Amino acid sequence: MNLLDRLRESFANAAPEGVDAAALGNSVRPGTDAKFGDYQANGCMALAKSLGVSPRDLAARVAEVVDLGDMALKPEVAGPGFLNVRIRDDWIARRLRELLDDPTLGVAPPRRTRTVVIDFSSPNVAKPMHVGHIRSTVIGDCLARLFEALGHHVIRDNHLGDWGSQFGMILWGWKNARDDAAYASSPVRELARLYRLAQSRIQGGDAGVEEASRRETAKLHAGDPENRALWQQFMPSCLEAIEAIYSRLGVRFDVRLGESFYDPMLAGVVDDLTSRGFAVESEGATVVFVEGSKTPFMVRKSDGAFTYATTDLATIQYRVKTWNPDLMLYVVDHRQGDHFKLLFEVARRWGFDRVDYRHVAFGTVLGADRRPFKTRDGDVVGLESLLDDAVSEARALIDANSPDIDPDERARIAETVGLAAIKYADLSQNRLSDYVFDWKKMVAMNGNTGAYHQYAFARIRSIFRKGEVDPYALRSRRPEITLGQPAERALAMQVLRFPETLELAANELKPNVLTDYLFETANRFSTFFEACPVLKAESAALRDSRLALSDLTARVLERGLGLLGIEVLERM
RNA sequence: GCGCCCGUAGCUCAGUGGAUAGAGCAACGGUUUUCUAAACCGUCGGUCGCAGGUUCGAAUCCUGCCGGGCGUACCA
């Protein structure tokens, strides 16, 4: 059990007769200011009313009876009725010693293991991935790692767009405007060109292309041999291009069940919905009306084609039958909010009502002009070139700062630092805000960035190298830890808060909760690093104590960054 | 029109109903014979869009208004 949970339980148990114990327990928070202690219980102000006593009197009673064991000092009543809790230094030191050989850093198994399906990334396979895909991919990957770290069963599902009308456009392009030489040299690029060609013609009002593309889609879905063969031909190179990016990003999936996988089930879905009376005919289409929504949920268009709504329902049906998940996350652009609201409602009415469905929405990626992010030519920015740019930015910095490192290693470091820059910039922002894509900020290597954390880690590793200390030997020796300096104590408390941070980040589905914590951790380490000599500490015992604290910090950073999908470096 | 999201320092953004609203960048000043200065310490900077309400307590919850983004039946 993490520290916060233990305090909450203790305070809940200390609730006097007539006081809502759960409310009192849940009112425990990390302290808002170091001078108020490490944690505070804020419930007495609100709860005193029901007892008819003053908040300070209630707080005093709670302080008297609460059993914090040897963990904390007796809480102090402050202000209008706050209870400030200070964790005992000797308890912190003892707990840190236990963590030295605890690979989880204090993360306990969950009370109840949940099965979580996370639907993320989901690119259209026919198009190169662009900057718009980064958020879903990086956020989804982080959430998957978080739930796994907390001991839950995670299924990472890439719901590929491999069957929709974009293929109709490509098929139209293939048949009317293809460049065989271009296709031979780079299939994906040529297919993307054809797609964009069709798209721009349609957007320009070319009804002929629109209709022709629709027909090609319909033929593909109906099993037309030529279109099916072309689809079979296109898919491998499309998938290969996508996998190359995931491999570079260090993102993996457990399943890649795209839209095509569900195609055979769609007719059955509509039949079932219709026979149960959920789905009805309307303006030639088959739709489900949902209370509170003006627009219905369309499961079959008037031309007979199924929609992504149908596919999404089939997907839920399949996932529930296959994995019986407790939680289903859709890491998708906030613009699809209405769709998911309807989808979840229809799924529940359809009988799949034991799943907690969540649309993990995120804001749009914008350019500096606050318009959706594009290159100067008006094209979307390819993900690959985005990564390359970040890496070369990192390389320039490493070349300038660490010319002594050999060039091959500098290249590897640049790759790691560059990817970290992109991921961290994305994850450190509240998901829901639109994301202003600022090159300078994105590749900045100081301040609240990936590189700052990697740097903090590298400095710790440097201490161990310079002192010729083997961290594994140190851990098994389990030295006594002393917290004489404020910087030591502040860092130690931060290490202890790792488990509750993961819990909070996962509950809120917010990676930036974790990045905030890691930034604070790296900050506290930097302060400690300035104030407390490690290798040249006054005594061998203090040296060991500080080595242990540094080692724990390094492990928190490594593990925490790992959950963001960011790797650490021995040197940089 | 209706729905969802947003409005916090010059800029980009954090902020689980709690105490004096915080970072990063930018600006200004300081710190290196000592473990990586990609760092640290300090200064400057705020009618938390506006107005009401609920509450012991509101940036946070509710209502209204103003401003912006997005979505709104056959793309996904």
Side-chain angles (χ1 to χ4, degrees), chain A residues 26-27 29-33 35-36 40 42 45-46 48-49 54-55 78-82 84 122 124 161 163-166 168-169 199 202 210 213-214 217 259 282-287 292-298 300-303 305 307-309 311-312 332-339 341 361 363-364 366 370 394 397-398 400-402 417 428-430 432-434 436 438 440-441 444-449 451-452 454-456 458-467 504 507-508 510 512-513 515-516 519-520 523 526-527 529-537 546 550 571-572:
Chain A
N26 287 330
S27 79
R29 297 286 149 81
T32 51
D33 190 313
K35 69 171 179 271
F36 299 133
Q40 52 183 240
N42 301 334
M45 280 86 79
K49 186 174 274 183
S54 85
F82 294 102
N84 292 335
S122 310
N124 274 338
W163 199 242
S165 53
Q166 79 274 16
M169 293 190 241
Q199 197 182 36
I202 291 169
E210 188 172 10
S213 298
R214 214 197 309 275
T217 309
E259 294 166 343
S282 172
E283 297 176 26
T286 307
V287 304
S293 167
K294 259 168 70 178
T295 57
F297 196 62
M298 183 176 298
R300 184 159 53 199
K301 301 193 284 186
S302 54
D303 66 1
T307 73
Y308 75 132
T311 308
D312 281 350
V332 181
D333 196 303
H334 77 284
R335 285 176 291 198
Q336 294 193 41
D338 288 346
H339 166 70
K341 218 167 123 187
T364 314
L366 305 175
R370 295 223 150 240
L397 206 62
I398 294 156
N401 289 347
S402 308
V417 172
S428 60
Q429 176 147 353
N430 186 315
L432 289 169
S433 342
D434 280 343
V436 174
D438 176 350
K440 268 170 67 185
K441 185 183 172 189
M445 300 296 164
N446 51 17
N448 187 6
T449 62
Y452 176 80
Q454 290 170 316
Y455 182 66
R459 290 211 288 183
I460 297 173
R461 301 295 306 126
S462 176
I463 295 172
F464 280 81
R465 265 198 312 278
K466 189 143 287 186
L504 184 62
N507 282 342
E508 309 254 320
K510 279 183 169 179
N512 72 309
V513 169
T515 61
D516 284 354
F519 185 52
E520 180 68 23
N523 258 323
S526 288
T527 304
F529 186 84
E530 298 287 330
C532 304
V534 177
L535 296 175
K536 293 184 178 168
R546 287 178 177 169
S550 300
R571 301 200 295 165
M572 62 186 281

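Per chain, numbering begins at 1; letters A, B, ... match sequence-line order. Nothing here was measured: the structure is a model prediction, and the numbers come from that model.
- Checking side-chain atoms of A/S433 against main-chain N and O of A/Q429 turns up no donor-acceptor pair under 3.5 Å.
- Counting non-hydrogen atoms under 4.0 angstrom, A/L504 reaches nothing in the nucleic acid.
- Across B/rA39 and B/rA26, the matching P atoms stand 10 Å from one another, rounded to whole Å.
- A/N42 comes within 4.0 angstrom of a base, heavy atoms only.
- Going from the P atom of B/rG15 to that of B/rG7 covers 10 Å, rounded to whole Å.
- Within 4.0 Å (heavy atoms only), A/D333 reaches no atom of the nucleic acid at all.
- Using a 4.0 Å heavy-atom cutoff across all strands shown, A/N84 reaches at least one base atom of the nucleic acid.
- Rounded to whole Å, the separation between the P atoms of B/rG22 and B/rC48 comes to 14 Å.
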request  = Sugar-phosphate means primed atoms, P, OP1 and OP2; the rest is base. With that split, encode nucleotides 71-76 of chain B 5' to 3' as B, S or - using protein heavy atoms under 4.0 Å.
outcome  = SSBBSB
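- Looking at heavy-atom distances under 4.0 Å, A/F297 makes no contact with the nucleic acid at all.
- Scanning for side-chain hydrogen bond (donor to acceptor under 3.5 Å, both in side chains) contacts around A/S550 gives an empty result, with sequence neighbours left out.
- With sequence neighbours left out, A/Q199 forms a side-chain hydrogen bond (donor to acceptor under 3.5 Å, both in side chains) with A/Y195.
- Contacts of A/Q336 classified as side-chain hydrogen bond (donor to acceptor under 3.5 Å, both in side chains), with partners at least two apart in sequence or in another chain: none.
- Counting any heavy atom pair closer than 4.0 Å across all strands shown, A/A78 reaches a base atom.
- Put simply, the side chain of A/T311 never gets that close to the backbone of A/E259: no donor and acceptor are under 3.5 Å apart.
- Each of A/S462 and A/P30 has a nearest nucleotide on RNA chain B; the 5'-most of these lies closest to A/P30.
- Picking from B/rA38, B/rU20, B/rG15 the nucleotide with the shortest atom distance to the side chain of A/Y455 gives B/rA38.
- A distance below 6.0 Å separates the ring centres of A/F519 and A/Y452.
- Between B/rC40 and A/Y452, a contact under 4.0 Å exists linking OP1 or OP2 to a side-chain N or O.
- The P atoms of B/rG45 and B/rA9 are separated by 15 Å, rounded to the nearest whole Å.
- Backbone-only contact: A/S526 has heavy atoms under 4.0 Å from sugar-phosphate atoms and none from a base.
- When all heavy atoms of A/Q166 and A/G161 are compared, the pair lying nearest together is NE2-O, 2.8 Å.
- Nucleotides B/rG17 and B/rA73 place their C1' atoms 42 Å apart, quoted to the nearest Å.
- Using a 4.0 Å heavy-atom cutoff across all strands shown, A/E508 reaches no nucleic acid atom at all.
- Across every non-hydrogen atom of A/N84 and A/Q40, the tightest pair is OD1-CB, 3.6 Å.
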query = How is the base pairing of RNA chain B summarised as a dot-bracket string, given the Watson-Crick and G-U wobble criteria with both distances under 3.5 Å, [ ] for crossing and | for another strand?
reply = (((((((..((((....[...)))).(((((.......))))).....(((((..]....))))))))))))....
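- Comparing A/V534 and A/K510 against RNA chain B, the residue whose closest nucleotide sits nearer the 5' end is A/K510.
- To the nearest whole angstrom, the two C1' atoms, one in B/rC2 and one in B/rG10, are 37 Å apart.
- Taking the P atoms as reference points, B/rU20 lies 25 Å from B/rA14, given to the whole Å.
- Using atom P as the reference point in both B/rC50 and B/rC11, the two lie 15 Å apart (nearest Å).
- In the set B/rG18, B/rG15, B/rA39, B/rG18 carries the atom at the smallest distance from any side-chain atom of A/F82.
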Polar atoms only, N or O, under 3.5 Å: list the protein pairs with nucleotides 24-28 of chain B and their distances.
none

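- The listed nucleotides are B/rG18, B/rC35, B/rG15; the one nearest the side chain of A/F529 is B/rC35.
- Within 4.0 Å of A/A46, counting heavy atoms only, lies at least one base atom of the nucleic acid.
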